[in-house]
K.L.:
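Below is one structure. I have some questions about it.
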Amino acid sequence: MSTSPVRIEGDLTPPLSRWLWLVKWLLLIPHFICLIVLGIGFVLSTIAVFFVLLVTGRYPRGLFGFNVGVMRWAWRVSFYGYSALATDRYPPFSLADDPGYPARLDVAYPERQRRGLPLIGWWLLGFPQYGIAGLFASAGVGFTHGWGRYESAGLTGTLMFVVAMLLLFKKTYRQDVFDFVMGVNRWAYRVAAYATFMTPEYPPFRFDAGSREPS
């Protein structure tokens with residue numbers, strides 16, 4: 001089994017509050033504001049990267065580091081918030097990796113990528129994956145889902161309703177449910193990285209549940 005260049009990991013951190021999930025949307029408003037601004041930068045840099053790749057086949061390292069940082073920030077917010085509800089530790093305001101935080105994301109830098117017209121075809125090949133990720137997240141794939149668009153429809157919304165009820169009435173978060181939640185998020189972020197040219201490797205049609213990436 002090949003290892004994905006997109007690594008999404010998270011640690012369930014009990015004990016979790018029965019009621020904190022009710023107000024996490026309020027507590028996360030400062031993060032949402034930051035991510036809206038960062039998201040504009042992410043979109044603009046991705047558009048610029050597309051044209052750079054068409055000509056050179058290389059992803060500028062500075063833009064790559066920024067975009068990975070935005071995805072990393074969004075994943076921490078999602079993990080604390082309504083894509084996982086798996087920790088009560090408030091996420092840091094940072095683009096940098098934080099090994100001490102229970103949610104971590106990294107993307108391996110691609111030394112060379114496709115260029116020219118094949119780059120356009122490569123992106124079009126992702127449509128089956130975009131459809132699956134959309135069904136999982138309902139509000140959009142990966143990082144856009146982490147910016148606060150938390151409509152209740154879709155698999156993630158259903159899972160979070162189950163988790164919230166378990167926390168409220170039993171003060172528990174089943175490990176098997178958490179593992180499944182991680183698999184859903186992992187799929188969505190892999191697709192997001194592919195869609196935004198951060199990796200030339202096609203996302204695997206493989207559901208990798210659990211806290212850690214498969215080795």
Side-chain angles (χ1 to χ4, degrees), residues 1 3-4 6-25 27-28 31-32 35 71-92 98-107 129-195 203-215:
M1 178 164 45
T3 301
S4 172
V6 184
R7 298 190 61 81
I8 305 291
E9 297 186 340
D11 298 317
L12 185 62
T13 56
L16 296 170
S17 169
R18 288 181 185 271
W19 58 267
L20 186 60
W21 62 271
L22 290 167
V23 296
K24 280 186 174 182
W25 65 270
L27 298 176
L28 284 173
H31 278 282
F32 294 153
L35 285 171
M71 291 185 69
R72 184 179 289 133
W73 190 325
W75 169 232
R76 289 192 294 244
V77 169
S78 297
F79 193 79
Y80 173 85
Y82 301 99
S83 288
L85 289 174
T87 184
D88 287 343
R89 289 183 55 188
Y90 197 71
D98 186 346
Y101 194 75
R104 298 165 301 280
L105 179 150
D106 197 24
V107 184
Q129 285 280 12
Y130 307 150
I132 295 172
L135 289 175
F136 280 168
S138 79
V141 295
F143 54 88
T144 55
H145 183 233
W147 292 345
R149 298 167 58 192
Y150 298 117
E151 288 88 342
S152 60
L155 183 56
T156 301
T158 302
L159 286 170
M160 289 304 96
F161 177 78
V162 171
V163 169
M165 293 302 100
L166 286 172
L167 288 173
L168 184 61
F169 294 108
K170 294 191 174 182
K171 204 176 186 294
T172 186
Y173 195 144
R174 289 173 56 95
Q175 185 66 44
D176 54 351
V177 175
F178 172 71
D179 290 343
F180 191 81
V181 167
M182 284 296 300
V184 170
N185 281 286
R186 186 170 284 124
W187 193 308
Y189 273 84
R190 286 174 179 173
V191 173
Y194 178 83
F205 285 98
R206 188 180 71 227
F207 191 83
D208 293 325
S211 298
R212 297 289 182 270
E213 290 279 351
S215 59

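Keep in mind the model is a prediction, meaning the values are calculated, not measured.
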K.L.:
Name all residues meeting the salt bridge (charged side-chain N to carboxylate O under 4.0 Å, His left out) criterion together with D106; count only those two or more places apart in sequence or in a different chain, and write none if there are none.
P.N.:
R72
K.L.:
Would you mind checking if R104 and D98 are paired as a salt bridge, meaning a charged N to carboxylate O distance below 4.0 Å?
P.N.:
no
K.L.:
Tell me, please, which residues at least two apart from V162 pass side chain to side chain contact (heavy atoms under 4.5 Å, CB included).
P.N.:
L166
K.L.:
F205: which residues meet the side chain to side chain contact (heavy atoms under 4.5 Å, CB included) condition with it, sequence neighbours left out?
P.N.:
P128, Q129, I132, W187, Y202
K.L.:
Begin with the C-alpha distance, continue with both residues' side-chain angles, and end with the deciding distance and a verdict on side chain to side chain contact (heavy atoms under 4.5 Å, CB included) for Y194 and V6.
P.N.:
CA-CA 9 Å; Y194 178 83; V6 184; over 6 Å; no
K.L.:
How far apart are the closest heavy atoms of Y173 and A86, and which atoms are they?
P.N.:
CE1-CA, 4.0 Å
K.L.:
Please answer whether the main-chain N or O of T13 pairs with a side-chain N or O of D11 as donor and acceptor at a distance below 3.5 Å.
P.N.:
no
K.L.:
Holding to side chain to side chain contact (heavy atoms under 4.5 Å, CB included), I want the full list of residues that pass it with L22, two or more places apart in sequence or in another chain.
P.N.:
W19
K.L.:
Taking the six-membered ring where the residue is Trp, are the ring centres of Y189 and W75 under 6.0 Å apart?
P.N.:
yes
K.L.:
Can you tell me if R212 has over 12 outside heavy atoms packed within less than 6.0 Å of its CZ?
P.N.:
yes
K.L.:
Partners of D88 by salt bridge (charged side-chain N to carboxylate O under 4.0 Å, His left out), sequence neighbours excluded?
P.N.:
K24
K.L.:
Check side chain to side chain contact (heavy atoms under 4.5 Å, CB included) between R7 and all other residues, then give those that pass, not counting sequence neighbours.
P.N.:
T3, E9, E213
